[in-house]
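Numbering of ligands and ligand atoms starts at 1, following listing order.
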Amino acid sequence: MITFHQVTKRYNSLTAVNNFSLSIAEKEVFGLLGPNGAGKTTLIRILTTLTRPDSGSVLLQGQDMSRELVKAKGQIGVVLQHINLDGELTVWENLELHGRLHKVPTGKRKERIAALLDFCELTERAGERAAVLSGGLKRRLMLARALLHRPSVLLLDEPTVGLDPQARRNIWDLVRKLNYQGLTVFLTTHYIEEAEALCSRVGLINRGELIALGTPGELKENIGKIAVEHLYNGKNSYHFFSNREEATPFVEQMTGKVTIRAVNLEDVFMQLTNRKVGEH
Ligand SMILES: Nc1ncnc2c1ncn2[C@@H]1O[C@H](COP(=O)(O)OP(=O)(O)OP(=O)(O)O)[C@@H](O)[C@H]1O
Ligand SMILES: [Mg+2]
């Protein structure tokens with residue numbers, strides 16, 4: 001469905017994406033995790049055709065995106081990292097504008113806008129200026145807008161950043177429903193729970209390179225099942241074990257504060273990079 005083949009993107013001396021290869025299957029929910037500046041947004045921008053790679057190719061349903069720009073744009077819906085609604089236009093007008101830009105015929109446009117407002121629970125806010133919506137509602141409006149031209153691939157760049165837990169879950173539910181209806185979803189996130197809750201497969205990216213790839217379960221199993229966090233003299237250290245029985249004797253001889261918990265994707269990332277997902 002989506003294939004990155006040895007994609008490299010440089011900004012002067014900085015290599016934002018480095019020889020990146022990845023295939024995403026149709027109807028998959030794929031999550032890309034990585035620290036600030038890792039290259040996630042650059043990859044999303046390449047998929048939206050906003051940015052061109054310096055080398056390598058991107059295939060969308062087997063077709064080279066650089067040769068089929070217009071077609072590719074129609075197949076892709078995107079919710080960018082930063083809010084990019086027109087604040088002075090109403091909720092409805094924001095959707096109307098997008099529909100016109102994508103040449104959705106008038107009758108269909110009205111019908112789809114009404115259906116998407118309903119889907120994203122925004123019907124009651126249709127006449128309000130986008131600027132007055134809360135952060136969560138703005139994200140939902142951006143999602144509705146991304147879906148208006150009926151894309152087959154949905155790109156979500158940190159779709160729930162800054163949202164409260166309920167608003168975040170609300171977006172997750174919408175993403176699940178869309179995927180159930182057949183949409184392929186490619187998302188980036190700093191939230192480990194988000195990747196674990198939504199994604200069938202996860203890629204870890206660091207300094208423009210894909211450093212791990214697999215289901216959340218597979219990635220975690222590589223380091224173990226049980227994590228022991230040890231706080232001693234103000235310093236946290238992490239230790240991993242394949243089961244609780246193995247962890248117990250280790251924990252018993254420790255002083256300081258000890259936490260025993262299940263391994264998560266953050267641990268995998270830290271093991272591979274020595275830093276946390278959101279860290280520079
Ligand atoms: N237009 C640009 N000009 C110069 N450098 C850029 C440009 N866009 C991105 N970069 C650089 O490329 C690198 C990758 O940036 P990118 O936005 O893809 O990271 P990211 O993984 O999305 O980070 P974040 O989690 O902070 O959103 C960064 O070092 C960034 O500063
Ligand atoms: Mg980004």
Of all protein heavy atoms, the one nearest atom 23 (O) of ligand 1 is Gly37 N, 2.7 Å

For Ala16, the atoms of ligand 1 under 4.0 Å from one of its heavy atoms are 12 (O), 13 (C), 14 (C)

* Would you say Gly208 contacts ligand 1, with heavy atoms under 4.0 Å as the rule? -> no

protein heavy-atom neighbour closest to atom 18 (O) of ligand 1 works out as Thr42 OG1, 2.6 Å

Does Lys9 make a cation-pi contact with Tyr11 (under 6.0 Å, within 45 degrees of the axis)? yes

*Test item: protein heavy atom less than 4.0 Å from atom 30 (C) of ligand 1*: no

Ligand 1 atoms nearer than 4.0 angstrom to some heavy atom of His190 are 25 (O)

Does ligand 1 have any atom sitting under 4.0 Å from a heavy atom of Arg45?
no

### Message
side chain to side chain contact (heavy atoms under 4.5 Å, CB included), that's the test. Do Asn179 and Arg176 meet it? Break it down for me.
### Response
CA-CA 5 Å; Asn179 178 245; Arg176 286 196 191 100; 5.8 Å; no

Check: Does any N or O atom in Gly39 lie less than 3.5 angstrom from one in ligand 1, N or O only?
Finding: yes

So for Gln81 against ligand 1, with non-hydrogen atoms under 4.0 Å, the contacting part is side chain

Between Ile46 and Val58, the two heavy atoms sitting closest are CG2-CG2, 3.7 Å

Atom 25 (O) of ligand 1 sits nearest the protein heavy atom Lys40 NZ, 2.8 Å

In this structure, NZ of Lys40 is separated from CG of Leu187 (nearest 0.5 Å) by 11.5 Å

Tracing side-chain contacts under 4.5 Å among Ile, Leu, Val, Met, Phe, Trp and Tyr outward from Phe241 reaches Ile226, Val228, Phe250, Val251, Met254, Val258, Ile260

Taking only non-hydrogen atoms of Leu14 and a 4.0 Å limit, the atoms of ligand 1 in range are 11 (C), 12 (O), 13 (C), 29 (O)

*Take Asp157 and Thr41 through the test side-chain hydrogen bond (donor to acceptor under 3.5 Å, both in side chains) and record every step on the way to the result.*
CA-CA 7 Å; Asp157 197 0; Thr41 297; 2.6 Å; yes

- Determine, step by step, whether Thr188 and Leu43 satisfy the side chain to side chain contact (heavy atoms under 4.5 Å, CB included) criterion, reporting the C-alpha distance in whole Å, the side-chain angles of both residues, the deciding distance to 0.1 Å, and the verdict. CA-CA 10 Å; Thr188 76; Leu43 284 166; over 6 Å; no

Under 30°, 30 to 60°, or over 60°: which ring-plane class applies to His149 and His98, parallel, tilted or perpendicular?
-> tilted

Derivation of the side chain to side chain contact (heavy atoms under 4.5 Å, CB included) call for Leu141 and Arg125 = CA-CA 10 Å; Leu141 176 55; Arg125 315 301 292 259; over 6 Å; no

Q. Is there a heavy atom in Lys9 that sits closer than 4.0 Å to ligand 1?
A. no

Note on the Mg ion (ligand 2): protein N/O/S atoms within less than 2.8 Å are Thr41 OG1, Gln81 OE1

Ignoring hydrogens and angles, state whether a donor on the side chain of Arg139 or Asn170 is under 3.5 Å from an acceptor on the partner side chain. no

dist Glu158:CD -> His82:NE2 (nearest 0.5 Å) comes out at 8.0 Å

Notebook entry, point to check: Based purely on interatomic distance, does Ala38 place a nitrogen or oxygen under 3.5 Å from a nitrogen or oxygen of ligand 1?
Noted result: yes

The protein heavy atom nearest to atom 17 (O) of ligand 1 is Thr41 CB, 3.5 Å

Here the gap from Arg140 atom CZ to Ile171 atom CD1, rounded to the nearest 0.5 Å, amounts to 7.0 Å

- Determine whether Ile192 and Phe240 fall in the same hydrophobic cluster, where Ile, Leu, Val, Met, Phe, Trp and Tyr are linked whenever their side-chain heavy atoms lie under 4.5 Å apart. yes

If you scan protein heavy atoms around atom 26 (O) of ligand 1, the nearest is Asn36 ND2, 2.9 Å

At under 4.0 Å between heavy atoms, what of Thr188 touches ligand 1? The answer is neither

- Classify the side-chain pair Thr8/Asn19 by whether it contains a donor and acceptor separated by less than 3.5 Å. no

Closest to atom 9 (C) of ligand 1 among protein heavy atoms sits Tyr11 CE1, 3.4 Å

